[in-house]
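For reference, positions follow the sequence shown, starting with 1. In listed order, ligands and their atoms are each counted from 1.
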Amino acid sequence: MKASWDIFCSVVDNYGDIGVTWRLARQLVAEHQVPVRLWVDDLQAFVPLCPEADASAAQQWQQGVDVRLWPKDWQPVEAADVVIEAFACTLPDDYLQAIKARQTPVLWLNLEYLSAEDWVSGCHGLASLRPDGLKRTFFFPGFEAGTGGLLREADLLARRRAFEQDPHAKQAFLHSLGVVAADNARLISLFAYENSGLASWLDAMASGTTAIHLLVPQGRIMGDLLRWLEIDALALGCVEQRGSLTVQALPFVRQQDYDRLLWSCDFNAVRGEDSFVRAQWAGRPLLWHIYEQEEDAHWIKLNAFLALYIKGLSPAAAQAFSGLWHAWNAGSDMAPRWNGVQEHWSEITEHAEKWCLEQSLQADLAQALVLFYRNWI
Ligand code: TRH
């Protein structure tokens, strides 16, 4: 019989926690044919990613995943063979008792946040024995050998290529969102937290010589965007033009469509953890707005990733690219940085595809988890 899996997700903030666990749950079911229960403590955050979902259902099936509301008042259930606690979300005490009560041992994994820092491969797979006798193993996603890899569906890159090669697919997808861009316009998607550097980036795009169509999914950056446009609201689908820049607000789309949006654009500004990885699989240049952490810990993460990513770029392109990322994350003047990146546009674009292919040589995270369990039993 196939091992059963329980994934626990506590929605702390934004869509990252549910974004990662929903993606992982789907992939385990679809590619490894294992039964997965996904326990989520806030289904409101799930609905935008999976619009068929019911935000109030205690139990529902979505794309083969048994999605459960993780209730405050936990009701006893039998523990699964493999238990994933996402981002140290703390399992219910009763569930820990259920793990102990099982006749066959349970593999309890804490799925950690993504980081490119050096220490990650040294800590990946380490177990800690708790005072209550239970063992918890730390599973780290990552970019290098010795880590758990990145979430990537087996057919993801083939689907992207098929989308790119089909002359109608991109147009039909964009039309479905109400996007009709000029033929010569560069498409850019913008998913970010509030950012004081946005106005200077928009100024630079508006006064540049290249036509740009900026697609902005509903979200936290909207306030800064409206202030720059000097309007009170931008209805979904509506367009505003300033110089060379066309700005369009988009609805928040289902998770699979967000991939298509990234594939349709020439450059993607992303945030958090999951959109950051998806933009890399899109094989296009990206700009990461990292989630801010206490004591500036996010800068260490950002620079660790940059150090890996820029390998293979010429020194001038690497400097321009890193400068843009630093300015965006500092909320500082983006104009000189954006203009600097234009000079290396084709090199940076080619490099993005190379990075994507290089990363795709690693085992993906779901595969690595399944293998880890097989080796453990
Ligand atoms: O929403 P986020 O900012 O989540 C963050 C990060 O996960 C961060 O690491 C964490 O600590 C913090 O929350 C609490 O960014 P992220 O991770 O990119 O998640 C967004 C999800 O939303 C991702 O799965 C892609 C998805 N998405 C859509 O499905 N449709 C859309 O239109 C858009 C814009 C995003």
Could you check whether the rings of [X] and [Y] sit parallel, tilted or perpendicular, using 30° and 60° as the cut-offs?
X: Trp74; Y: Phe8; value: tilted
X: Phe305; Y: Trp288; value: perpendicular
X: Trp328; Y: His289; value: tilted

Axial cation check for [Y] ring with [X], 6.0 Å and 45° limits:
X: Arg374; Y: Trp376; answer: no
X: Arg152; Y: Trp281; answer: yes
X: Arg186; Y: Trp345; answer: yes

Which atoms of ligand 1 sit under 4.0 Å from any heavy atom of [X]?
X: Pro217; result: 34 (C)
X: Gly19; result: 24 (O)
X: Asp13; result: 13 (O), 14 (C)
X: Ser275; result: 16 (P), 18 (O)

Counting heavy atoms only, which part of [X] comes closer than 4.0 Å to ligand 1: side chain, backbone, both or neither?
X: Tyr15; result: both
X: Trp22; result: neither
X: Asp274; result: both
X: Arg254; result: backbone

How far is [atom] from its nearest protein heavy atom, and which residue and atom name does that atom have?
atom: atom 32 (O) of ligand 1; answer: Val253 N, 2.9 Å
atom: atom 7 (O) of ligand 1; answer: Gly16 CA, 3.0 Å
atom: atom 35 (C) of ligand 1; answer: Phe252 CZ, 3.4 Å
atom: atom 15 (O) of ligand 1; answer: Gly272 CA, 3.5 Å

Discussion item. Heavy-atom count check: over 12 atoms from other residues, nucleotides or ligands less than 6.0 Å from Glu292 CD?
Written reply: no
Is there a polar contact between ligand 1 and [X], counting only N or O atoms under 3.5 Å apart?
X: Gln255; value: yes
X: Glu273; value: yes
X: Tyr258; value: no

Worksheet item: Are Gln62 and Gln60 close enough, and set up right, to give a side-chain hydrogen bond (donor to acceptor under 3.5 Å, both in side chains), and what steps lead you there?
Response: CA-CA 6 Å; Gln62 295 296 344; Gln60 59 191 304; 3.1 Å; yes
Practice prompt. Determine whether the aromatic ring centres of Trp338 and Phe267 lie less than 6.0 Å apart.
Written response: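 Yes.
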Worksheet item: If you measure from each heavy atom of Tyr193 to ligand 1, is any distance below 4.0 Å?
Response: yes
Discussion item. I'd like to know if Leu49 contacts ligand 1, where contact means a heavy-atom distance under 4.0 Å to any ligand atom.
Written reply: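 The answer is yes: ligand 1 sits under 4.0 Å from a heavy atom of Leu49.
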Practice prompt. Output yes when Asp6 and Arg37 qualify as a salt bridge under the 4.0 Å nitrogen-oxygen rule, no when they do not.
Written response: yes
Item to complete: Could you give me the CA-CA distance, side-chain angles and deciding distance for Arg220 and Asn14, then say whether side-chain hydrogen bond (donor to acceptor under 3.5 Å, both in side chains) is met?
Response: CA-CA 10 Å; Arg220 290 172 52 176; Asn14 305 316; 3.2 Å; yes
